[in-house]
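Below is one structure, written out as structure tokens; comments come after it.
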4 protein chains.
Amino acid sequence: MARGTVGRPRDTRAHAAILEAVRELLTDVGYERLTIERVAALAGVGKQTVYRWWPSKSALVAEAVLAGLIRVDAYMPEATGNLATDVRAWLVAALETQADPSRAALVRGLAAAAADRVEDADRLYTELTGPARQELIAYLAHGLGSGQIRQDADLGVVADTLAATMLYRVLTHRPAPTPREIDDLVTLVVGGIGTRAAAT
Amino acid sequence: MARGTVGRPRDTRAHAAILEAVRELLTDVGYERLTIERVAALAGVGKQTVYRWWPSKSALVAEAVLAGLIRVDAYMPEATGNLATDVRAWLVAALETQADPSRAALVRGLAAAAADRVEDADRLYTELTGPARQELIAYLAHGLGSGQIRQDADLGVVADTLAATMLYRVLTHRPAPTPREIDDLVTLVVGGIGTRAAAT
Amino acid sequence: MARGTVGRPRDTRAHAAILEAVRELLTDVGYERLTIERVAALAGVGKQTVYRWWPSKSALVAEAVLAGLIRVDAYMPEATGNLATDVRAWLVAALETQADPSRAALVRGLAAAAADRVEDADRLYTELTGPARQELIAYLAHGLGSGQIRQDADLGVVADTLAATMLYRVLTHRPAPTPREIDDLVTLVVGGIGTRAAAT
Amino acid sequence: MARGTVGRPRDTRAHAAILEAVRELLTDVGYERLTIERVAALAGVGKQTVYRWWPSKSALVAEAVLAGLIRVDAYMPEATGNLATDVRAWLVAALETQADPSRAALVRGLAAAAADRVEDADRLYTELTGPARQELIAYLAHGLGSGQIRQDADLGVVADTLAATMLYRVLTHRPAPTPREIDDLVTLVVGGIGTRAAAT
DNA sequence: GCATAAACGAGACGGTACGTCCCGTCTTTGA
DNA sequence: TCAAAGACGGGACGTACCGTCTCGTTTATGC
């Protein structure tokens with residue numbers, strides 16, 4: 001007999017309400033002042049229902065944030081094959097997404113959760129930046145065509161650098177970058193690739 | 001009579017012991033489980049003595065971390081004037097410094113403090129990365145000589161990118177980069193400057 | 001159509017297992033730390049099966065205790081007609097019964113249940129001491145013969161006094177009384193009756 | 001240096017407020033529904049202040065009840081030397097005291113605490129009935145004069161019997177006894193002493 | 001023999017209270 | 001006047017049970 005079907009089944013609405021409450025509190029009061037009791041109260045749920053499914057505040061926040069961020073699909077323009085143009089387009093789109101204050105709050109919440117639970121900080125950031133990184137690499141590779149350069153390595157460095165820079169901006173509450181700053185960053189990154197490509 | 005000098009003077013040893021206790025606890029148990037009571041107990045000090053001088057846990061941690069990091073003077077090799085060589089030398093020296101686990105714990109503690117108090121996250125990161133940024137810019141500028149390029153802007157982007165990348169590595173518990181990865185990063189950054197310099 | 005016989009009939013083994021589990025827990029951990037969940041787990045029964053048949057912990061304990069105590073039939077010696085001898089014989093037999101630690105635990109459990117539910121404290125004690133009281137009165141009356149004294153009133157007082165004294169001993173964890181103490185109690189009680197008989 | 005005087009001294013008003021709150025709750029809702037949180041809230045005190053000074057609910061209740069009962073000084077009439085008269089006078093005075101519903105609630109609370117913590121049930125009842133027992137023995141002995149009988153043993157049995165009977169009445173919510181019942185009890189108890197005295 | 005109906009085990013649910021830790025404040029003694 | 005000690009009112013922790021509520025399953029009755 002299947003063991004998984006014994007007893008009252010899990011209430012999926014309660015599950016969803018908890019994650020939504022976490023995101024709401026993250027935006028409203030931040031990670032430190034988010035408490036399990038407030039989450040439960042806001043979700044209209046018993047405390048034990050939270051503890052039954054998540055072992056800690058940081059794990060709860062991690063799942064809520066990652067689930068919340070994944071729901072948001074970034075608009076991605078067509079790749080043109082011109083590296084500078086494409087990098088700038090991706091960067092502008094990504095910055096626009098980040099401009100949403102509640103999204104920034106979620107990212108900051110995840111950073112706090114990672115600081116809290118050192119043991120899975122790595123995993124959290126991987127899950128956070130991984131999809132964007134893959135997407136960016138695919139986007140640029142498609143635009144560039146094939147055979148030009150050691151794309152995998154180079155584009156990996158580019159993607160990491162851009163991810164790090166954007167995370168840094170969020171964590172430090174930097175205002176949106178000026179066009180000039182965007183220019184500089186694109187030039188830096190694209191120039192690097194160009195140089196390496198020329199040298200190879 | 002001077003008002004400020006009336007009564008028992010502040011105990012500088014208690015002050016130092018508190019900051020040291022904070023750093024020890026950050027390394028041992030992390031930001032979340034660091035409490036004022038533990039700090040006071042570890043420092044052999046009354047709780048009130050902590051509250052008298054610092055308004056919050058995050059402020060206390062911020063001061064302790066910044067004071068702790070500043071004490072560590074990074075060894076900085078002579079600039080050669082070859083940009084790639086100099087950037088790599090600085091990067092290697094910086095990575096070596098970061099490799100110290102307790103120093104990484106301090107940086108993570110500061111990140112948690114910043115996540116805790118959004119209002120001065122900006123200031124904290126500025127104080128954390130500012131000196132390194134200035135130092136890097138001066139180091140590279142000195143090596144490059146003058147008049148070549150729009151150094152301030154270009155080097156600023158380089159410095160920010162490197163700072164972001166190194167913070168990202170610490171927060172995500174990345175292992176020390178391989179020589180290959182260092183190569184790639186140097187190429188990216190230096191290539192960018194070269195490109196822009198050539199274009200100007 | 002008979003409404004009461006439709007559906008699966010009550011499981012008498014579960015019923016008995018629950019009561020037995022209650023008695024076991026009363027002996028082992030006492031009334032306060034006895035919980036419905038522990039009872040259900042120990043009886044190998046779902047919680048709902050307990051709640052289906054008993055409205056409260058105190059009602060459950062009351063039934064379990066009374067059922068448990070009734071099962072124990074006290075040995076009762078032949079009445080001789082000599083009041084002092086008969087009272088002493090009954091008292092010794094009763095004290096022997098009470099000496100069983102698990103029986104004492106049951107009585108204490110009932111006292112706790114009564115303290116818990118004031119509204120039927122009276123009923124609980126009546127059901128607890130009632131049978132013993134009747135038995136004692138009948139025993140003494142039979143021994144005494146008839147027509148001597150206002151037996152009902154006198155013997156009622158005697159019975160109440162003895163019941164109260166024995167309950168008091170159990171609740172206060174008094175050690176078994178010495179022969180001397182038994183003597184004194186018998187003398188007190190019998191002397192009272194004799195006096196009244198003489199005076200009438 | 002005296003260790004006991006370091007730090008902020010205990011707040012005696014909070015202490016008193018807690019005990020008073022316990023007594024109020026015992027009267028209002030009974031032992032089982034009295035919770036530490038309600039006590040603290042009613043006393044206007046933090047929960048920790050309760051836990052700092054009392055290890056458990058039963059210990060708290062025990063102290064509150066005993067302190068509360070001791071405060072009530074029973075009126076005690078002059079002893080006449082006539083044993084029956086004196087016993088009846090004491091019994092009537094004691095019954096009158098017990099008639100106060102809040103006092104009865106306190107006694108029931110103590111019984112519940114004793115059932116809860118078997119290990120000091122003995123002590124609790126001793127402290128509860130001890131003073132009354134001593135007082136009764138002294139009262140009767142003074143009235144009887146000296147040299148008549150083995151007073152200590154006899155009066156001890158009388159006192160125990162009366163204490164047990166009165167506790168039993170409280171626990172079982174018996175209504176106030178009729179004059180007839182009082183008569184019977186006095187006769188029983190006094191007759192016993194008389195008999196023994198005559199026999200000696 | 002097949003629908004209806006109740007009892008059963010399991011266990012998730014919204015809650016209450018537990019006893020503990022820590023918050024930031026206050027009140028004492030001692031230097 | 002500062003500092004240690006430590007008690008204070010309060011908030012949140014993570015756990016144990018409360019009494020209720022689905023589930024799938026079992027065991028009876030009666031059409």
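Just so you know, these numbers come straight off a predicted model, no measurement behind them. Below, read A as the first sequence line, B as the second, and so on, with proteins coming before strands; counting in each chain starts at 1. Only heavy atoms go into these numbers, but all of them, side chains included; no hydrogens, no water, no symmetry mates.
At a cut-off of 3.5 angstrom, the base of F:dG14 holds at least one donor-acceptor pair with the side chain of A:Lys47.
A:His15 has its NE2 atom 15 Å from the C1' atom of E:dC13, to the nearest Å. One atom, CZ of A:Arg10, and another, C1' of F:dC21, lie 17 Å apart when rounded to the nearest Å. Rounded to whole Å, the distance from CH2 on B:Trp54 to C1' on E:dC23 is 18 Å. Note: CG (A:Leu60) to C1' (F:dG14) measures 14 Å, nearest angstrom. In this structure, the CD atom of C:Glu32 is 14 Å from the C1' atom of F:dA16, given to the nearest Å. The separation between A:Arg13 atom CZ and E:dA12 atom P is 18 Å, rounded to whole Å. As rounded to whole Å, 12 Å separates atom P of F:dA12 from atom CG of A:Leu25.
Across B:Ala115 and A:Ala112, no two heavy atoms sit closer than the pair CB-CB, 3.7 Å. Between C:Trp54 and C:His15, the shortest heavy-atom distance links the atoms CH2-CD2, 2.9 Å. Of all heavy-atom pairs between D:Leu171 and C:Tyr125, the closest is O-CE1, 3.6 Å.
The side chain of A:Glu37 lies closest to F:dA12 when the candidates are E:dC8, F:dC17, F:dA12. You'll find that the side chain of C:Trp53 is closest to E:dA7, out of E:dT20, E:dG9, E:dA7. Considering only side-chain atoms of C:Thr35, the nucleotide from F:dG14, F:dC18, E:dC22 that sits closest is F:dC18. In the set E:dG14, F:dA4, F:dC8, the nucleotide with an atom closest to the side chain of A:Val45 is E:dG14. Distance from the side chain of D:Ile36 is smallest to E:dG19 among F:dC17, E:dG19, F:dC8. Distance from the side chain of D:Gln48 is smallest for F:dG10 among the nucleotides E:dC26, F:dG10, E:dA10.
Side-chain N/O atoms of B:Arg52 include one lying less than 4.0 angstrom from OP1 or OP2 on F:dA3.
Take the nearest nucleotide of DNA chain F for D:Arg8 and for A:Pro9: the residue whose nucleotide is more 5' is D:Arg8. Comparing D:Arg33 and A:Asp11 by the nucleotide of DNA chain E whose heavy atom lies nearest to each, the residue mapping closer to the 5' end is A:Asp11. For the pair A:Ala43 and D:Lys57, nearest-nucleotide mapping onto DNA chain E gives the more 5' position to A:Ala43. Checking D:Thr49 against A:Tyr51, the closest nucleotide of DNA chain F that is more toward the 5' end is the one next to D:Thr49.
Contacts of D:Arg38 with the nucleic acid, taken as non-hydrogen atoms under 4.0 Å apart, are absent.
Counting only distance, with no hydrogens or angles, the side chain of B:Arg23 and the backbone of B:Leu106 share no donor-acceptor pair below 3.5 Å.
Checked options D:Asp28, D:Leu25, D:Leu34; the residue passing with D:Leu42 is D:Leu25 (criterion: side-chain contact (heavy atoms from CB on, under 4.5 Å)).
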